[in-house]
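In what follows, residues are counted from 1 in the order of the sequence shown. The model shown is predicted, which means the values in this text are computed figures rather than measured ones. All values below were derived from every heavy atom in this structure, side-chain atoms included, with hydrogens, water molecules and symmetry-related copies excluded.
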Amino acid sequence: MKINRRQFKNASIKTKLQVINLATTGLALFLVFCALLANEFFAYRQSVMDNLKVQAQMIGSNSTAAVVFRDKQTAQEILAALQAAPEIIRAIIYLPDGTPFAQFEHPVPQASIALLSVLEQTGLPYFPLRLHFQEDIRFSAEKIASLYIEADMQGLYRTIARYAAITALAAAGALLTAFLMLQRLRDSITSPLSGLTQLMRRVSQDKDYSLRSEIDSRDEVGSLARCFNEMLEQIQSRDSSLSDELSERKRAEARLDTLAYYDTVTGLPNRHFFNERLVYTVAQAGAASGRTVLMFIDLDNFKIINDTLGHHVGDMLLSGVGERLTRTLRSKDVIFRIGGDEFAVILEDIADRDDVASIADKLVQTFAFPFLLEDHEVHISASLGVSVCPDDATDPYALLRHADTAMYYAKERGKNTYQFFQPAMRGKALQRLNMENSLRRALEKNEFILHYQPQLDLDSGQIIGAEALLRWLHPDLGTVGPSDFIPLAEETGLIVPLGEWALRTACAQAVAWQAEGLGPIAIAVNLSGRQFKDENLVENLLRIVREAGLDPGLLDLELTESTLMDGSLANMEKLTALRDAGIRFSIDDFGTGYSSMSYLKRFPLNTLKIDRSFVDGIPENHEDVAITTAIIALAQSLNMRVIAEGVETREQADFLKRKGCPHVQGHFFSRPLSAAEFTLLTRSIATQAPRAEAISGLWSLIGGRMG
Ligand code: C2E
Ligand code: CA
Ligand code: CA
């Protein structure tokens, strides 16, 4: 029963309606059927009973005389008239003493007897097979006999059965008609519902929110369909705005992707792309038989073009370079712009190393012709570093380092060329890298100090100034001289903060000496080309001097000829600004650079420093003597001060003094000293008050002792 109920619950509405309809119609018909049968039964029974009574009265009154006269035969004949009433099966007239007087009997069908016995056994008295009735026969109100009359009910049941059959047939017909009519009704309810269900299923399966229900009836199903359509409408509009948003987001992502992976100046893939591609290509190369080649291309002196012609032209040049390189390479080779003026090329599937050389050569050759940018004809070259996988490395990062190292070597080899990576390069590159790192750290950890080399006047024997010279107190290597780290510091740009530090320290030291009572000591500070190019040079320099509280007239900046010549116009402005502030300038290592006489006149310079290499050959080497003499004369004619550096012997000092160069600096007098040593030396000279003639010896004595 439970299962049936559950089955019913899960059955379709159609089935449910069918079951309910059939059940209710069936039940109604059954009840009608029962009522009709019951009515028929009781009516028939009553009519039989009435008939019995009528018969009994008729027989009773007819047979009164026969009983009174004890005329059995007549009585018998009267009873025999019952032959015409087939339902009466027995009639007996009893005398008052109970003896039968006359009797009539209809033969009872055998079936009836059997049925009778069965019914009797079941004890259903309400459905008797026989009905009987007893009537008193009276004469002058005195009872003279009684009539017992019995009727058979089989006829009743037969009639009932026939009736039941007809009724059942009619009921079945009615049920069928009802069923057919209900089916139509049911379909009119369930088919829109199932249509709606199917629609929903399609929507959920195909995610097609443009579907709509076409039911437009005014009933509940109709309003359900309308609600459903509205819901779909909302989903569809939300869906479309969502997909709009999504595609907008996708477009934005694609834009970002382009920005993230491509360089905007050249349109080439950028460093980010390069890194990913290199890792991928090298991983793939493991399986292939050919070689993967990485080339690093660095433009030579790009910065000069950028600085002189402007960034606009610089960008045009970069994009032109990108185009030329792309045209030179095969379509499957990928070229990247990985930094300011750095490009990289990844070549896949190269069978032969010689092929690589010819490609590298072709790439270098693409720079042979000048680039025409706006009105400028720009000449530029490039240096190439090549590393090959798997020959040099199978790891992308090592490959990268090797190509970089090789490129660095190409630069060292005079630029405009290419270099294959060789393991021997690695040691030097590593050394350089280590040096660079520790140089950076040294600046943070204050590992630098300044030494001061006295500059003196041979006539007065007085110290007139000091040149500040950098020393690196390396924790492992001990004291490292500037020639071992200045070039690298210049290359990496570290010279700018380092130079500023040196300047600040030197200025502070000069002020301190003055405060200690050593008198005004001019301080000479070396300025590298890189520092001089710094846009904020003037501003920074003046600030440092101001902050130190130094008289700018005591600061002497040493520049080389090449520093001065590089970008002369801007330099002129800087020099003028600084000189206007009172700062003095010396040309360091004079005679070793361009030695263009015209700039000596143009620039506001104070001092020429005769380079050590000329002083070295004095007085034996005629050329050195000639050059030194010429420089002294030149300085005098230009009204400039002259100082000789690297004076190591008495002869040199004597010679210089004789030729009119009284200012000197060199080991003959003193090596570069620490600040404390410098103080000590200056004090001891002051107390000894040396005479000018004996100065060399004294200096040599003091210098020898102190240096
Ligand atoms: P420089 O400016 O020509 O400095 C003079 C160099 O000659 C110093 O070498 C000094 O020690 C050395 N010297 C002086 N007298 C004699 C001598 O009688 N004989 C010999 N053989 N050498 C002598 P140092 O200190 O090794 O400096 C080398 C170079 O490093 C300097 O050459 C200068 O160009 C650079 N330098 C030093 N300090 C600085 C600095 O603070 N900034 C910059 N930019 N460069 C510096
Ligand atoms: Ca110098
Ligand atoms: Ca010098």
Side-chain angles (χ1 to χ4, degrees), residues 453 455-458 464-469 486 490 495 499 502-503 506-507 510 520-535 537-542 544-545 550-615 627-647 656 659-666:
Q453 186 170 37
Q455 296 178 332
L456 66 138
D457 183 276
L458 289 174
I464 50 161
E467 181 180 2
L469 295 160
I486 294 269
E490 286 191 320
I495 191 67
L503 188 76
C507 289
I521 292 171
I523 189 91
V525 179
N526 292 284
L527 214 61
S528 91
R530 178 78 182 248
Q531 271 178 285
F532 205 66
K533 279 192 192 130
D534 188 21
E535 276 178 23
L537 173 87
V538 176
E539 204 181 304
N540 287 348
L541 239 152
L542 292 179
I544 289 168
V545 175
L550 181 73
D551 169 12
L554 288 178
L555 180 61
D556 189 347
L557 295 176
E558 297 195 1
L559 302 171
T560 60
E561 289 160 294
S562 54
T563 300
L564 274 175
M565 294 310 292
D566 194 1
S568 50
L569 195 71
N571 290 349
M572 177 67 113
E573 285 172 11
K574 287 175 187 164
L575 278 177
T576 313
L578 291 171
R579 212 217 27 195
D580 288 351
I583 292 168
R584 306 168 68 81
F585 288 96
S586 299
I587 302 292
D588 207 353
D589 309 338
F590 186 75
T592 59
Y594 292 85
S595 296
S596 154
M597 297 306 143
S598 67
Y599 82 84
L600 287 180
K601 273 204 318 206
R602 266 194 292 132
F603 289 125
L605 306 165
N606 305 88
T607 308
L608 290 185
K609 277 191 97 169
I610 304 172
D611 189 58
R612 202 173 67 211
S613 59
F614 305 123
V615 177
I627 291 172
T628 306
T629 314
I631 293 175
I632 295 168
L634 181 71
Q636 282 168 347
S637 72
L638 286 171
N639 227 355
M640 290 172 79
R641 192 173 73 103
V642 63
I643 179 168
E645 59 179 344
V647 180
L656 288 163
K659 292 286 176 183
C661 173
H663 296 161
V664 286
Q665 166 185 352

May I have the list of side-chain donor-acceptor pairs in residues 637-646 shorter than 3.5 Å, sequence neighbours left out?
residue: Ser637; atom: OG; partner: Leu634; partner atom: O; Å: 2.9
residue: Arg641; atom: NE; partner: Thr607; partner atom: OG1; Å: 3.1
residue: Arg641; atom: NH1; partner: His663; partner atom: ND1; Å: 2.9

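With values rounded to the nearest 0.5 angstrom, Gln531 atom CD is found 9.0 Å from Asn526 atom CG. Atoms CG and CD, on Leu578 and Glu573 in that order, are 11.5 Å from each other to the nearest 0.5 Å. Distance CG/Leu605 to CG/Leu600: 6.5 Å, rounded to 0.5 Å.
Not one N or O on the side chain of Asp589 forms a donor-acceptor pair closer than 3.5 Å with the backbone of Asp611. Side-chain atoms of Asp457 do not come within 3.5 Å of backbone N or O of Ile464 as any donor-acceptor pair.
Using a 4.5 Å heavy-atom threshold, the side chains of Leu537 and Leu527 count as touching. Phe532 has its side chain within reach of Leu575: a pair of non-hydrogen atoms, C-beta onward, lies under 4.5 Å apart. Contact of the Asn540 side chain with the Leu503 side chain is not registered, since no non-hydrogen atoms from C-beta on lie closer than 4.5 Å. Residues Leu541 and Leu557 are in side-chain contact: their nearest non-hydrogen atoms beyond the backbone lie under 4.5 Å apart. Counting only heavy atoms from C-beta outward, the side chains of Phe603 and Leu559 never approach each other to under 4.5 Å. For the pair Leu554 and Ile523, the minimum side-chain heavy-atom distance is 4.5 Å or more.
Of all the heavy atoms in Glu561 and Gly591, the pair that sits closest is OE1-N, 3.4 Å. Of all heavy-atom pairs between Asn571 and Thr563, the closest is ND2-O, 3.1 Å. Nearest heavy atom pair, residue Ala468 against residue Ala506, reads CB-CB, 4.0 Å. For the residue pair Gly660 and Ile632, the shortest heavy atom distance occurs at O-CG2, 3.8 Å. Considering every non-hydrogen atom in both Cys661 and Leu458, the closest pair reads O-CD1, 4.1 Å. Closest approach of Met572 to Pro604, counting heavy atoms only: SD-CD, 4.1 Å.
A donor-acceptor contact closer than 3.5 angstrom links the side chains of Gln665 and Gln455.
For the side-chain contact (heavy atoms from CB on, under 4.5 Å) with Ile583, the lone residue among Leu542, Leu550, Asp556 that qualifies is Leu542.
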Practice problem: Give the C-alpha distance, both sets of side-chain angles, the deciding distance and a yes or no for side-chain contact (heavy atoms from CB on, under 4.5 Å) between Leu564 and Phe585. | Solution: CA-CA 11 Å; Leu564 274 175; Phe585 288 96; over 6 Å; no
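By the salt bridge (charged side-chain N to carboxylate O under 4.0 Å, His left out) test, Glu558 is found to be paired with Lys609, residues two or more places apart in sequence or in another chain being considered.
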